[in-house]
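This report refers to the structure that appears directly beneath it.
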2 protein chains.
Amino acid sequence: MLGPHVPELRALELLVVVARTGSLSSAAAEVGISQQAASSRMRTMDSLVGAPLLDRTRRGSALTPTGELVVQWASRVLDAADQLDAGITALRQDRRGHLDIAASLTIAEYLLPSWLVAVRTQQQRLGVPATEFMLTATNSEQVAAMVASGEAQVGFVEGPEPPRDLRNRLVGVDELVVVVAPSHPWASRPSRRVSVHTLAATPLVVREAGSGTRTVLERALADRPTTEPALELSSTAAVRSAVAAGAGPAALSAHAVYDDLAAGRLVRIAITGLELPRLLHAVWKGGAHPPAGPARDLVDWAATSQA
Amino acid sequence: MLGPHVPELRALELLVVVARTGSLSSAAAEVGISQQAASSRMRTMDSLVGAPLLDRTRRGSALTPTGELVVQWASRVLDAADQLDAGITALRQDRRGHLDIAASLTIAEYLLPSWLVAVRTQQQRLGVPATEFMLTATNSEQVAAMVASGEAQVGFVEGPEPPRDLRNRLVGVDELVVVVAPSHPWASRPSRRVSVHTLAATPLVVREAGSGTRTVLERALADRPTTEPALELSSTAAVRSAVAAGAGPAALSAHAVYDDLAAGRLVRIAITGLELPRLLHAVWKGGAHPPAGPARDLVDWAATSQA
DNA sequence: CATGGTCACAAGGCTACCTTGTGACCAGAC
DNA sequence: GTCTGGTCACAAGGTAGCCTTGTGACCATG
């Protein structure tokens with residue numbers, strides 16, 4: 001799946017740092033290796049790409065045109081890696097100066113990492129010591145319970161309306177969308193649209209019974225004659241893969257398939273007379289605003305970045 | 001910049017393959033390592049994250065809830081890595097069964113990789129042998145010359161209008177946008193808007209004289225009294241970093257700053273009475289359509305994916 | 001002309017990872 | 001019952017890649 005010519009993350013990081021600093025030595029210092037090691041890493045990248053990435057002169061190293069291309073591509077990889085980093089850091093339960101966050105699955109998977117990165121860089125810029133986030137991902141009911149009990153200072157839930165006993169603020173919207181593989185007959189229809197009736201009569205790829213997305217879908221089709229699932233899988237990732245491989249249509253969170261739609265691995269099908277929006281709320285206990293500090297920063301960011 | 005808990009790309013790839021196949025052994029076979037090596041890699045990932053990613057049973061391995069989160073985050077990294085892979089593959093000059101592409105910088109950097117990935121997966125799905133793409137990134141004039149001379153079968157150019165002597169098709173639009181750091185005074189204005197006059201009077205971070213984006217900008221401000229640049233840098237990446245660090249405003253391609261805007265590292269400022277759109281065209285020589293085969297597939301994809 | 005900055009070459013060591021070999025366990029077929 | 005093919009785990013050993021240290025050449029700048 002991944003070719004043999006793709007450098008590892010640390011090498012890509014070194015490349016962009018070299019691009020920024022203009023020097024192998026200082027870049028090496030920044031990522032914590034020796035100048036010689038950095039030079040060697042860059043040289044192996046040269047051979048991976050098949051062309052030199054750097055103009056190495058006696059007073060610094062500048063990018064070649066090829067290098068500049070690769071830097072741009074690498075930056076996107078590293079952006080995603082930053083979000084992964086934020087997520088992993090939040091999962092590791094470092095218990096000094098931390099903020100406990102509870103979030104529903106969709107939010108934890110697709111939105112929260114970028115918010116964490118944003119708050120983190122904001123803190124860096126202001127010179128504030130970094131907060132360690134701890135993340136629990138579970139269903140929306142559980143999230144509400146954790147916030148109510150004080151286990152988490154702030155929570156993020158999805159659903160028709162936020163829990164009554166907690167304060168809330170709207171931070172985004174999600175929607176279930178129906179997707180198929182590009183080779184699926186529905187994708188060839190000029191309108192890329194089918195009726196609710198057709199959808200209900202078609203075997204779908206679904207999550208296991210009881211999962212949030214499946215419940216929403218079943219409720220929306222409740223008054224129609226429905227058919228058996230084509231395939232029942234236990235993770236969103238598995239459903240995405242199965243649909244892309246042609247196993248049949250599925251309904252998934254718009255956020256979950258954003259990349260696949262953009263890359264053309266999946267095709268969105270509109271359903272006449274069916275919309276499945278879900279509101280995403282931040283929730284907390286107590287005052288009109290979340291507790292001052294990282295919790296409030298996070299909610300503020302989430303609420304404003306959706307604009 | 002990148003934390004110590006982020007696995008390398010190959011490890012992430014293994015994780016998502018395990019998630020898809022449901023088995024360590026078959027995943028190991030797919031990525032070309034032994035089952036034991038795969039098991040060990042996954043175990044080091046466990047310790048990086050601080051929690052097990054897999055439920056390892058005697059008849060397969062399924063994701064834990066934590067594992068599912070990490071898979072989603074990792075998928076985004078790998079999506080970007082796929083585009084990097086496509087780009088690098090196109091740069092490596094493998095000369096068997098290839099398509100020569102010439103593209104202007106903006107397109108080569110931001111759009112082309114995803115198109116290449118799309119065409120590649122399309123070929124895989126149809127069982128067609130994969131084309132080796134060869135990419136030359138240069139300015140739009142050069143691109144037109146290469147296509148005219150036959151050095152490249154297809155080209156992608158930006159500019160007010162495509163070259164007369166070539167056939168063309170619109171594949172997208174780009175725009176120069178003005179961005180500042182979130183800490184910049186302009187970002188605090190409620191309107192996030194300044195006048196052309198203010199912009200012209202403000203020292204900007206710019207590319208070196210002669211670069212495409214700088215030329216467009218200077219031409220647009222030609223009839224205004226302008227000031228000296230705040231900083232002159234030789235790559236788009238350097239400009240982005242400098243602006244994010246607070247060196248001043250800059251005008252950059254909308255595609256170049258898409259991620260930074262989404263992540264909040266940069267803030268877009270509207271300029272009253274100034275718009276700098278650029279049309280992106282595919283160009284080729286000869287008939288009304290590009291030559292059948294990969295060239296046509298690529299252009300078709302590019303033209304339709306912009307919708 | 002000294003100094004501090006750049007990068008390159010060479011040798012050595014170490015570590016991390018991978019392979020091979022083996023075993024335990026489980027399900028389904030016969 | 002047991003055979004077969006599938007899973008994963010444990011252990012030992014080798015190897016290769018990478019990193020550090022040491023050294024040197026070169027070039028600006030003061």
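What's counted below: heavy atoms across the whole structure, side chains too, no hydrogens, waters or symmetry copies. In what follows, chains are A, B, ... by sequence order, proteins preceding strands, each numbered from 1.
Helix-axis bend for the helix from C:dC1-D:dG30 to C:dC30-D:dG1: the local axis fitted to the five terminal pairs at one end deviates from that at the other end by 20°, rounded to 10°.
Partners of B:S253 by side-chain hydrogen bond (donor to acceptor under 3.5 Å, both in side chains), not counting sequence neighbours, listed by chain and number: B:D174. Evaluation of the side-chain contact (heavy atoms from CB on, under 4.5 Å) rule for B:A28 yields B:I33, B:A38 as partners, not counting sequence neighbours. Scored by the side-chain contact (heavy atoms from CB on, under 4.5 Å) test, B:S114 finds B:Q83 as partners (sequence neighbours excluded). Take A:H184 and apply the ring-ring contact (aromatic ring centres under 6.0 Å, His included) test, not counting sequence neighbours, and it matches A:W186. With sequence neighbours left out, the side-chain hydrogen bond (donor to acceptor under 3.5 Å, both in side chains) criterion links B:Q124 to no other residue. Evaluation of the side-chain contact (heavy atoms from CB on, under 4.5 Å) rule for A:P65 yields no partner, not counting sequence neighbours. Legend: residues meeting side-chain contact (heavy atoms from CB on, under 4.5 Å) with B:D46, ordered by chain and number and at least two apart, are B:R43, B:P52, B:L53, B:R56.
For residues 238-252 of chain A, the salt bridge (Lys or Arg N to Asp or Glu O under 4.0 Å) pairs, not counting sequence neighbours, are A:R240-A:D260. Screening residues 6-30 of chain A for salt bridge (Lys or Arg N to Asp or Glu O under 4.0 Å), with sequence neighbours left out, gives A:E8-B:R10, A:R10-B:E8, A:R20-A:E30.
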- Once each nucleotide of nucleotides 18-30 of chain C is scored for protein heavy atoms under 4.0 Å, what B/S/- sequence comes out, 5' to 3'? SBBBB--SSS---
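The shortest distance between the side-chain N/O atoms of A:R43 and the OP1/OP2 oxygens of C:dC7 is not below 4.0 Å. Taking only side-chain nitrogens and oxygens, B:T44 never comes nearer than 4.0 Å to OP1 or OP2 of C:dC17.
In this entry the distance linking CG of B:D46 with C1' of D:dC8 reads 14 Å, nearest Å. The CG-C1' distance, from B:L54 to D:dA9, rounds to 14 Å in whole Å.
Scanning residues 9-25 of chain A for heavy-atom distances under 4.0 Å to DNA chain C yields A:S23, A:L24, A:S25.
Here the options are A:V77, A:L84, A:D259, A:D79, the test is side-chain contact (heavy atoms from CB on, under 4.5 Å), and the partner is B:R76; only A:D259 passes.
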